[in-house]
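Chain identifiers are assigned alphabetically (A, B, ...) following the order of the sequence lines, protein sequences preceding nucleic acid strands; residue numbering begins at 1 within each chain.
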Protein chains: 2
Amino acid sequence: MEKTWYLKRINIFQGMSDKEMKQLNDITHMKHYDKKSLIYLPGDASDQVYLLKEGRVKISKLSEDGREITLVILEPGEIFGESAIVDDDETRSSVAEALENAYLCIISRKDFEEFINNKPGLALSITKLMGFRRRQIETMLEDLVFRGVHERLALLLLRLADRHGKAVGDKKLIDISLTHYDYANLIGSTRETTTACLNDFKREDLIEFQKRKVVILSERGLKKRAKYED
Amino acid sequence: MEKTWYLKRINIFQGMSDKEMKQLNDITHMKHYDKKSLIYLPGDASDQVYLLKEGRVKISKLSEDGREITLVILEPGEIFGESAIVDDDETRSSVAEALENAYLCIISRKDFEEFINNKPGLALSITKLMGFRRRQIETMLEDLVFRGVHERLALLLLRLADRHGKAVGDKKLIDISLTHYDYANLIGSTRETTTACLNDFKREDLIEFQKRKVVILSERGLKKRAKYED
DNA sequence: TGTTCTATGTAACTACACTTACATTTTTCG
DNA sequence: CGAAAAATGTAAGTGTAGTTACATAGAACA
């Protein structure tokens, strides 16, 4: 897949000295979130930055009538809510929800701003992170306009496999439990059509299910379905 | 409209000293682009940053089969191509095209990086710019998923009026000459449906045309059509 | 000024995916 | 364990917007 999707994470804090890590630790506090609990909602004050230590977190946008589009699913080690330090806007425009039991390090916007002050390397990392995420959203936008649901779903599965996958023999397990509803929100479609597409792929022996998880049986076949060439 | 769209531009260089401006000027060279000429294409080396002095520039993504989705239309004073300094990727993923005769200041990636080094304020501005643009793309994405073409077009016209508009009496002139094809690409639709929608709005006396330009007759009516409430 | 190219208007047809509506299965939790 | 809730399967019907196909109007340029 493209580099953008292949990189599992951008670790903002890599290459920091022990002293700096200690300093970071001091301004941080850890908090546990149950599975399915909300970390923030649209309209909430944008005054904290989060570092995901354990578990997975889903970032989505909501429509007035309760529909949802998911922008990204975050892995441990990733930072989020970073728009707090970048946007002038005071409130969140998306929802963050724990997909699994999760532990987060929470840093107040103010402390974080002070912390990155005079750490130009870190500031650059943040800038790169912003750029990286922008690029991902741009790709979602392109896909939405240029591709149909089968194509989008095939692409999604390939990307999820890169980001959250494990090789198991010659197969590849997407190691997150997602409902069809979740898949639908990741490709901007509905639960029903997504169910149908998933079953199409199953019938074509491109994927199979293990519990609530997808196993990719034929990466090549999926790529063909996604009209994606290496 | 929301703050995000209301801000006409983010001027990266505001508040810079004369000395810094001089310094910036030294690493810059000016170039003219004819209307309809391309500034860069997907695949081009991402080794320059551009400052738009005069004219307007359109940034779009292309599909394999030649379709196009426009991300933004830039006004004089705005910077673009900034992913050069932020992305690790070496090549452009979008097209930049001059919509009008344009003058650009061109800065090499290397010079620009050196220039912002030790100007933490400027680095922050760039980060904010990235965040700002990301937010805009996110809004486009939301609209694409949650709204139909009439709604998207109405929203587009309102936003264009904010960004590129002039009050003329109680009317508002969107002071750019765009073809229906351009409007279509801005809302992720086709030329034909966009023509039809524009004519619907005309028939409803929400807009009128002056040459190739749109005049908004009833902002309220358009907002209603966009299901947008102040 | 005439010719060519680009842009716009319109309409019939089509299709993809959304809606609606349940049945069935699986999971959760008291 | 059993009841309730959540998730999945499926199919018929519908609708919005895309496609195709021209006709006309307007701009550009020689």
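- In this structure, a donor-acceptor pair under 3.5 Å is present between the side chains of A:H180 and A:T195.
- Backbone-only engagement by B:T179 is indicated by non-hydrogen atom pairs under 4.0 Å involving sugar-phosphate atoms exclusively.
- For B:S60 and B:E68, the side-chain atoms include at least one donor-acceptor pair closer than 3.5 Å.
- Nucleotide D:dT8 holds its P atom 16 Å from the CZ atom of A:R203, rounded to whole Å.
- Residue whose closest nucleotide on DNA chain C sits further toward the 5' end, between B:E192 and A:V149: B:E192.
- Nucleotide C:dT6 holds its C1' atom 12 Å from the CG atom of B:D182, rounded to whole Å.
- Backbone-only contact: B:K202 has heavy atoms under 4.0 Å from sugar-phosphate atoms and none from a base.
- Here A:R212 reaches the OP1 or OP2 of D:dT8: one of its side-chain N or O atoms lies under 4.0 Å away.
- For B:H150 and D:dG18, the NE2 to P distance is 11 Å, given to the nearest whole Å.
- Applying the 4.0 Å criterion to OP1 and OP2 of C:dT6, one finds that B:H180 has every side-chain N and O outside that range.
- Rounded to an integer number of Å, the gap from A:Q210 CD to C:dT26 C1' is 17 Å.
- Look at A:S189 and you'll find a side-chain N or O under 4.0 angstrom from OP1 or OP2 of C:dC18.
- For the pair A:D182 and A:K58, the salt-bridge criterion is met [side-chain N within less than 4.0 Å of a carboxylate O].
- In this entry the distance linking CG of A:D200 with P of C:dA17 reads 11 Å, nearest Å.
- One finds no side-chain N or O of B:T195 lying less than 4.0 angstrom from the OP1 or OP2 phosphate oxygen of C:dT8.
- At a cut-off of 3.5 angstrom, the base of D:dG18 holds no donor-acceptor pair with the side chain of B:R191.
- In this structure, a donor-acceptor pair under 3.5 Å is absent between the side chains of A:N25 and A:T28.
- Rounded to an integer number of Å, the gap from OH of A:Y183 to P of D:dG9 is 12 Å.
- Nearest-nucleotide mapping onto DNA chain D: of A:K36 and B:K35, the residue sitting toward the 5' end is A:K36.
- Taking only distance into account, the side chain of B:R67 never meets the base of D:dG18 through a donor-acceptor pair shorter than 3.5 Å.
- One can place CG of A:N185 at 12 Å from P of C:dC18, the figure rounded to the nearest angstrom.
- When the P atom of D:dA28 is taken as reference, atom CG of B:N101 falls 12 Å away, rounded to whole Å.
- Contact annotation: the side chain of A:E54 never approaches that of A:H32 to less than 4.5 Å [non-hydrogen atoms, C-beta and beyond].
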